[in-house]
Amino acid sequence: MSTASVAGKLPTANEKKYLKTKEWVFYLLAMFFFSSMTGMVNSYRRAYLVDVLLLSNDQLSFFNGFTQIVGYVLSFIYALILDNKKIKNNQKFKPLGLLAAIPCGVVTALIFWTPDFVQRNPTVLLIWLCALALIQGCATYFGGTVTMVAAVMTPNDKEREQLLSFRGIASAIGNSAPLVIVLVVAAIIKAANGGTENAALSYFISAILCGVVGTITMLLGMSVIKERIVYKSERKNPFKGLWNVIRSKHAWVILISEFLKSFRGIATFMEPFIAAAILGSSSQTVLFALPVGIGTMVGMLIISRLLKRFTSRVLYIASGVYSVCINAVAFGVGYAYLTHMETLPWLNYIFIVCLFGTGIQFGASNLLPEMFKADVLDDLELKTGSRLDASLGFFIGIGGTISGALANIAVPYILYGDGSIIHYQQGLGDGTAQTLDTKIMLLLFYTVFHGLMMLLAGLPFLFYKLSGAERERVHTEVLKMREELAQSEGVEAAE
C-alpha cells in the first residue's frame, strides 16, 4: 500500500467552511501583486521593444515566435517536475511558490533594462531579450503555483468556486495595476524633465515597483495558505499522467477552445499602440485599459451570480455571442468618433462605455476556463487517483501555444513595416500623428477581431459534457475517494 501525503486534513462534509480570514487576505494580496508583475510585462514589453528599442518587424517576429515555442517546450519539463516532485511537509504548491517569488521580482525589472553595449549589437540584443524572456517564463511558471493552489485550498465546492471568483477578480485588477503605475511614474518623470517623456525610464522604475511589492506579497501569501486535499506520495511514471490527460475528452474541448481564443493575442497586442495613436503616448494606455479592467471585474461578479442559475458551459457559449456583438458596437462608435472627432467629441465617452462592455466578456473568458480546468482535474483525479495540475495545464497549453505563436509571429507584420496592414510608424514623439487609416485599422483589430475569436472559442463547448449534474456527481465521488484514502491512512477531518 502506498503512503499518503496530506496537505491539511481531509474534510468530512462539503458544507463546512475551511478558509480562514488570514488566508483570504494574504492569498488575494499575493494573487493581486503576482498579477501586477506579469501584467507589467504583458502590457508594456511590446511597447518597450517597438518604441524604445526600435526592433524591426523581423526581429520582433523572431523574438515572439522563438520565445513562445521554446518556452512551451521547456514548460513540458516544468510540468513533469511539478506533477511528479516528491511532496514534503504535506505541501505540493507552497514550496515552489516561495522559491519562485524572488526570481519573479528580479526578472520583471530586468526585462525593462537593456545595457548600452547590448543595444549596439543586434545579435547580442536578441540573445539578451530571448534569454530574459525564457527566464521570466520559468519564474512565472513556478510562481504561477500561487494561481494553482486555489483549487486545493478547500474541498468545499461552493467555497472553492467563491475563492476562484475572487482570485480572478484580484488577478484582473492586479493585471491592470501597472497601467496606473506607469501613468503616474511617467507623469513624475515628465515633470522632472521639463515636460519631456522618458518611456524607457518610466517602464524600468514601474517594473522595479511591481517586482519588489510582488515578491514580498508572494512570500507572505504562500507562507500562510494551507492545502487541504489528500496527495498520494507514490511515485509514478510521469508520462502516464500526461497520457491520462490526453485521453480526456473534456481536456480536448478546452484545448480547442484555447487554440481559438489565443488568436485574440493579435487584438490585445494593439492596446498600447492604439492608446498612443489616439491619446498621444503608450503611457496613456490606462485610459483604455481601466474601463476594460473595471468591466472585467464586474463581469466576474455577474458570472458568479449567474452560475446559480446557469451552467458554466452555457455561460461561456453565451459570452462569446455577447463578445462579438459588443465589440462590433465598440468599433462602430470608435469609427464614428475618429472620423467626426471635431463635430462629435462626445462619442469618446460612449466609446469608453463600450470598452467597459467588452471588459464584461473578459470577466467570463478569464474566470470560466479556470473553473473548467478545476472540474477536469477532479474528473482525472477520480479516474487516476492522482492530481495532474501541471500535466493538464501543459496539454491545454498546446492549443494556445500553437495559435499564440502564429499570432505573435504574424502581428509585427500586421502592425508596422513595409507591406504591413496597419502601417504604424515607430518612435513618434506624438502618437496622434499616425494617419487616420492607421487608427481605424488599429481599432478594427482591437475590437472586431477580438470579438470574433471569442465567439469561436465558445463553440467547442457545445460538445462539453462535464457540467451540471455530471459535474456534481464527479465532485461528490472525488470527496468520497479522498475520505476513503484518508481513513485508510488514519487521517482526521480537515480544519
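- In this structure a side-chain-to-backbone donor-acceptor pair under 3.5 Å is missing from S35 to G174.
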From CA spacing to verdict: side-chain contact (heavy atoms from CB on, under 4.5 Å), T339, I440: CA-CA 9 Å; T339 54; I440 291 173; 4.2 Å; yes
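- Residues L290 and L179 fail the side-chain proximity criterion, which asks for heavy atoms closer than 4.5 Å.
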Intermediate values then yes/no, side-chain hydrogen bond (donor to acceptor under 3.5 Å, both in side chains), S304 and S165: CA-CA 7 Å; S304 297; S165 296; 3.0 Å; yes
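- The side-chain tip of R313 does not point at the ring of F461 from less than 6.0 angstrom away and within 45° of straight on.
- Residue V292 comes nearest to F288 through the heavy atom pair CG2-O, 3.4 Å, listed as atom of the first residue, atom of the second, then distance.
- With contacts defined as side-chain heavy-atom distances shorter than 4.5 Å, the pair M341/L347 does not qualify.
- H450 pairs in a side-chain contact (heavy atoms from CB on, under 4.5 Å) with only one of the listed residues (F445, F263, F362), which is F362.
- Y48 has its ring centre no less than 6.0 Å from the ring centre of Y44.
- Of the possible donor and acceptor atoms, one in the side chain of Q119 sits under 3.5 Å from a partner among the backbone N and O of T114.
- At a threshold of 4.5 Å between non-hydrogen side-chain atoms, the residues F351 and Y337 do not count as touching.
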Residues T154, E159; criterion side-chain hydrogen bond (donor to acceptor under 3.5 Å, both in side chains); working and verdict: CA-CA 7 Å; T154 172; E159 192 176 34; 2.7 Å; yes
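- The distance from atom CG of L98 to atom CZ of F142, rounded to the nearest 0.5 Å, is 14.0 Å.
- Separation of the F331 and Y446 ring centroids does not fall under the 6.0 Å cut-off.
- Using a distance-only test at 3.5 Å, with no hydrogens or angles considered, no donor-acceptor pair links the side chain of Y424 to the main chain of L442.
- In this structure, the side chains of P460 and L260 come closer than 4.5 Å at one or more pairs of heavy atoms.
- Atom CE of residue M270 and atom CG of residue L444 lie 10.0 Å apart, to the nearest 0.5 angstrom.
- Across every non-hydrogen atom of M148 and L82, the tightest pair is SD-CD2, 3.5 Å.
- Using a 4.5 Å heavy-atom cutoff, the side chains of I173 and M297 are in contact.
- The structure places OH of Y413 at 13.0 Å from CD1 of I421, a figure rounded to the nearest 0.5 Å.
- Although no hydrogens or angles enter the test, the distance criterion places no donor-acceptor pair under 3.5 Å between the side chain of Q361 and the main chain of T358.
- The shortest side-chain heavy-atom distance between Y416 and L60 falls under the 4.5 Å cut-off.
- Checking side-chain atoms of E23 against main-chain N and O of K226 turns up a donor-acceptor pair under 3.5 Å.
- More than 12 heavy atoms of other residues, nucleotides or ligands shown are found within 6.0 angstrom of CZ on F449.
- Remark: D51 does not engage R46 in a salt bridge, criterion side-chain N to carboxylate O under 4.0 Å.
- For F166 and W24, the gap between ring centers is short of 6.0 Å.
- Under the 3.5 Å distance criterion, the side-chain polar atoms of E258 are left unmatched by any main-chain donor or acceptor of G397.
- Using a distance-only test at 3.5 Å, with no hydrogens or angles considered, no donor-acceptor pair links the side chain of T438 to the main chain of Q434.
- Between P412 and S61, the shortest heavy-atom contact is CG-N, 3.7 Å.
- Atoms CD and CG, from Q425 and L415 in turn, are 11.5 Å apart once rounded to the nearest 0.5 Å.
- A heavy-atom distance below 4.5 Å is not found between the side chains of S420 and N57.
- Under the 6.0 Å cut-off for aromatic ring centres, F394 and F76 qualify, their centroids lying closer than that.
- Looking only at distances, no side-chain donor or acceptor of N327 sits under 3.5 Å from a matching main-chain atom of V448.
- Here the closest heavy-atom approach between residue I69 and residue A405 is recorded as CG1-CB, 4.0 Å.
- S75 contributes no side-chain N or O that, together with a main-chain N or O of Y78, makes up a donor-acceptor pair within less than 3.5 Å.
- For the residue pair A457 and Y316, the shortest heavy atom distance occurs at O-CE2, 3.8 Å.
- A distance-only check finds no donor-acceptor pair linking the side chain of S323 to the backbone of G320 [under 3.5 Å].
- Contact annotation: the side chain of I205 never approaches that of F112 to less than 4.5 Å [non-hydrogen atoms, C-beta and beyond].
- L53 and L125 get closest at one heavy-atom pair: CD1-CD1, 4.2 Å.
- Using a 4.0 Å cut-off between charged side-chain N and carboxylate O, K373 and E370 make a salt bridge.
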